[in-house]
Every structure is written in structure tokens, then in C-alpha cells.
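Chain letters run A, B, ... following the sequence lines, proteins first and then strands; every chain starts at 1.
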Number of protein chains: 2
Amino acid sequence: MNNNHAPKVERSTRQRAAIREAIEQAGRPLLAQEVLELAGLHVPRLGIATVYRNIKVMVEEGAIKQVLLPGENPRFELAGHDHHHHFQCNACQKVFDIHSCPSDLGNLAPKGFKVESHDLTLYGRCKDC
Amino acid sequence: MNNNHAPKVERSTRQRAAIREAIEQAGRPLLAQEVLELAGLHVPRLGIATVYRNIKVMVEEGAIKQVLLPGENPRFELAGHDHHHHFQCNACQKVFDIHSCPSDLGNLAPKGFKVESHDLTLYGRCKDC
DNA sequence: ATTGCTGCAAAAAATTTGCACGAAA
DNA sequence: TTTCGTGCAAATTTTTTGCAGCAAT
């Protein structure tokens with residue numbers, strides 16, 4: 001018998017390219033809404049559902065990474081950066097990467113708790129505000 | 001003329017008491033849904049809208065504090081704890097307070113960025129999992 | 001010619017709000 | 001009795017899903 005389930009091949013569409021480029025060129029994590037606005041400049045009638053569907057595929061591929069900040073909707077940035085954290089400006093709300101990391105976090109938790117990972121967000125004024 | 005706008009007085013209702021007690025007795029930050037379930041044990045037909053409305057009032061009074069973790073719905077805990085952080089268990093998803101804090105975070109941000117505050121979440125196994 | 005991809009609208013999930021009635025003061 | 005608080009349902013907001021037609025292969 002032939003179990004040749006053709007491995008699903010991705011097609012290259014204008015919307016997919018525009019969405020990828022928006023995220024690539026932003027240089028900072030973008031909200032789905034921001035991706036729509038930026039990619040929409042190049043693809044009239046681009047729908048938010050298409051943005052979400054493509055973002056999901058790109059996350060699964062490992063091309064982009066979801067950036068979750070406390071109380072914020074998810075943002076998305078290019079993967080490939082190594083372990084890092086984020087800074088959110090209290091004035092413009094934009095989020096920037098921080099490429100350093102405090103080290104001694106494993107011993108902050110009480111006895112019996114095992115720390116496996118961590119997540120740090122800094123807040124303040126970005127260099128433009 | 002008399003500008004005596006009577007300062008709005010809060011009434012004490014069964015639902016308000018039950019909601020306050022649920023949060024007081026939990027000992028850890030609770031989701032709105034968890035507050036509903038716990039307080040609902042003492043107040044049949046308690047509605048989720050009442051939970052949200054009372055939570056909002058209690059936050060404005062300063063009685064409780066909103067706890068926001070990345071990618072999670074808001075939780076609520078008693079105020080009065082001083083600056084602290086949180087630990088979320090990767091197994092049971094529950095959130096616990098961490099009463100220690102790394103110090104040297106002010107200099108992690110790039111030049112031109114001023115750090116005013118921070119938010120840290122640790123992940124791992126809680127002592128029961 | 002297939003069949004994945006898209007736009008649009010409807011569905012979900014979490015939270016907020018409008019309204020009429022019940023209850024605290 | 002006055003008016004705040006509650007329950008219920010409808011509205012919002014963000015994200016997901018169903019579906020018919022378009023387009024990439």
C-alpha cells in the first residue's frame with residue numbers, strides 16, 4: 001500500500017509575505033493589530049483572521065516567537081534571538097528587547113519549589129520618550 | 001449653595017462579604033472564576049458580573065491587588081503585602097507569592113532607557129506537584 | 001484540476017454594561 | 001422611601017473557526 005500522504009506544502013501568497021515582512025522589519029514585538037496595519041499597507045482588504053492564521057503557522061514553524069507581557073495582548077517577534085527579556089515604555093507602550101538577564105534567580109523561591117524558568121519585564125521610559 | 005454631594009456609601013451585602021472572604025482565605029491569587037466558585041458556595045445564584053464589579057471596587061479601595069502574569073487572565077490577592085513577585089507551577093498552574101527580589105535590575109536596559117519598575121515571574125514545580 | 005488560502009461573518013472566551021427588581025440604609 | 005447592588009442578558013474585545021470562492025501549484 002502507498003502511505004504517501006503528501007507532506008502539506010505551504011504556498012507563497014502576497015498576504016503571507018507582507019505579514020512576514022512586517023514582523024521582520026519592525027525590530028520590536030508587534031501586536032496582531034499592528035501586524036494587520038503594517039502588512040495591510042501592502043495588501044488591501046487583508047483580514048485580521050489571515051493575520052492570526054499566518055502568525056500561528058509561523059510560530060509553529062519556529063519562525064517567530066510569541067511575546068507575552070503581564071496584562072497585555074500577545075505580541076510577535078522574529079525568533080532566533082536567544083534568551084532575552086523585554087522593556088515596555090510607560091509612555092508609548094511599545095516593547096523593546098533587553099539582551100541581558102539577571103542570573104541568580106534559582107534561589108528566590110521557597111523550599112520545595114523548583115525553579116525551571118523565568119520571565120522578566122522592565123518598565124520605564126524608552127529612549128524616544 | 002450646598003455642594004454636599006453625599007459621599008457614596010458602600011452597602012454591606014452577602015455577596016460582597018463572600019467575595020471578600022474568598023480572596024482573604026485563599027492565601028494565593030485567584031482568578032475571577034475561582035472567586036465565583038468559592039464565594040458561590042455561600043451565595044447561591046451569585047453572578048460573575050457581581051464578582052467583577054466587587055473586585056473592581058475593592059481594587060479601587062486598595063483592599064485587593066490585581067496580579068498579572070504573562071498570558072494569564074488577571075488574578076486577585078489581598079493588598080498589604082509589600083513588593084513581591086510570583087511563582088507559577090508548570091503542573092497545577094497555581095500561582096504563589098515569592099517574597100524575595102533580585103536587586104540589580106536597573107542597569108539591564110540599554111543606554112537611554114530609564115528603568116522605573118519591574119515584574120518577575122518564576123516557573124517550575126510547586127512543593128505539592 | 002486540486003486543494004490550500006483568503007475574506008467575511010459568526011463563534012468563543014473573558015470582561016463590561018444596561019436594565020428592572022430586590023434589598024440596605 | 002431612596003438609591004445602591006444584584007442577576008440576567010446583551011454588548012465588547014480579542015482570537016478562533018466555518019464556509020464559499022479565489023488563487024497557487
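- In this structure, Tyr52(A) places its OH atom 8 Å from P of dT14(D), rounding to the nearest Å.
- DNA chain D lies under 4.0 Å from no heavy atom of any residue of residues 22-42 of chain A.
- We find the CD-CG distance between Glu24(A) and Leu78(A) to be 5.5 Å, quoted to the nearest 0.5 Å.
- Hydrophobic clustering, with ILVMFWY side chains joined whenever heavy atoms are under 4.5 angstrom apart, groups Val51(A) together with Met58(A).
- You'll find the ring centres of Phe96(B) and Phe113(A) inside the 6.0 Å limit.
- Counting heavy atoms from C-beta outward, Ile19(A) and Leu38(A) have side chains that stay 4.5 Å or more apart.
- Taking the six-membered ring wherever Trp is involved, the centroid distance between the rings of His83(B) and His118(B) falls below 6.0 Å.
- Checked by atom type, the side-chain pair Glu77(B)/His84(B) shows a donor-acceptor distance below 3.5 Å.
- Rounded to whole Å, the distance from NZ on Lys56(B) to P on dA14(C) is 18 Å.
- Taking the side chain as every heavy atom from C-beta outward, Val115(B) and Leu108(B) never approach each other to under 4.5 Å.
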Checklist line | B/S/- contact track for nucleotides 5-11 of chain D, protein heavy atom under 4.0 Å | finding: SBBB---
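- The pair Glu10(B)-Arg53(B) does not meet the salt-bridge criterion, since no charged nitrogen lies less than 4.0 angstrom from a carboxylate oxygen.
- Of all the residues in residues 61-79 of chain B, Asn73(B), Pro74(B) reach under 4.0 Å from DNA chain C with at least one non-hydrogen atom.
- Note: His99(B) and His81(B) have parallel aromatic rings, judged against thresholds of 30 and 60 degrees for the angle between ring planes.
- Side chain to side chain, Glu72(A) and Gln88(A) meet the donor-acceptor criterion of an N or O pair below 3.5 Å.
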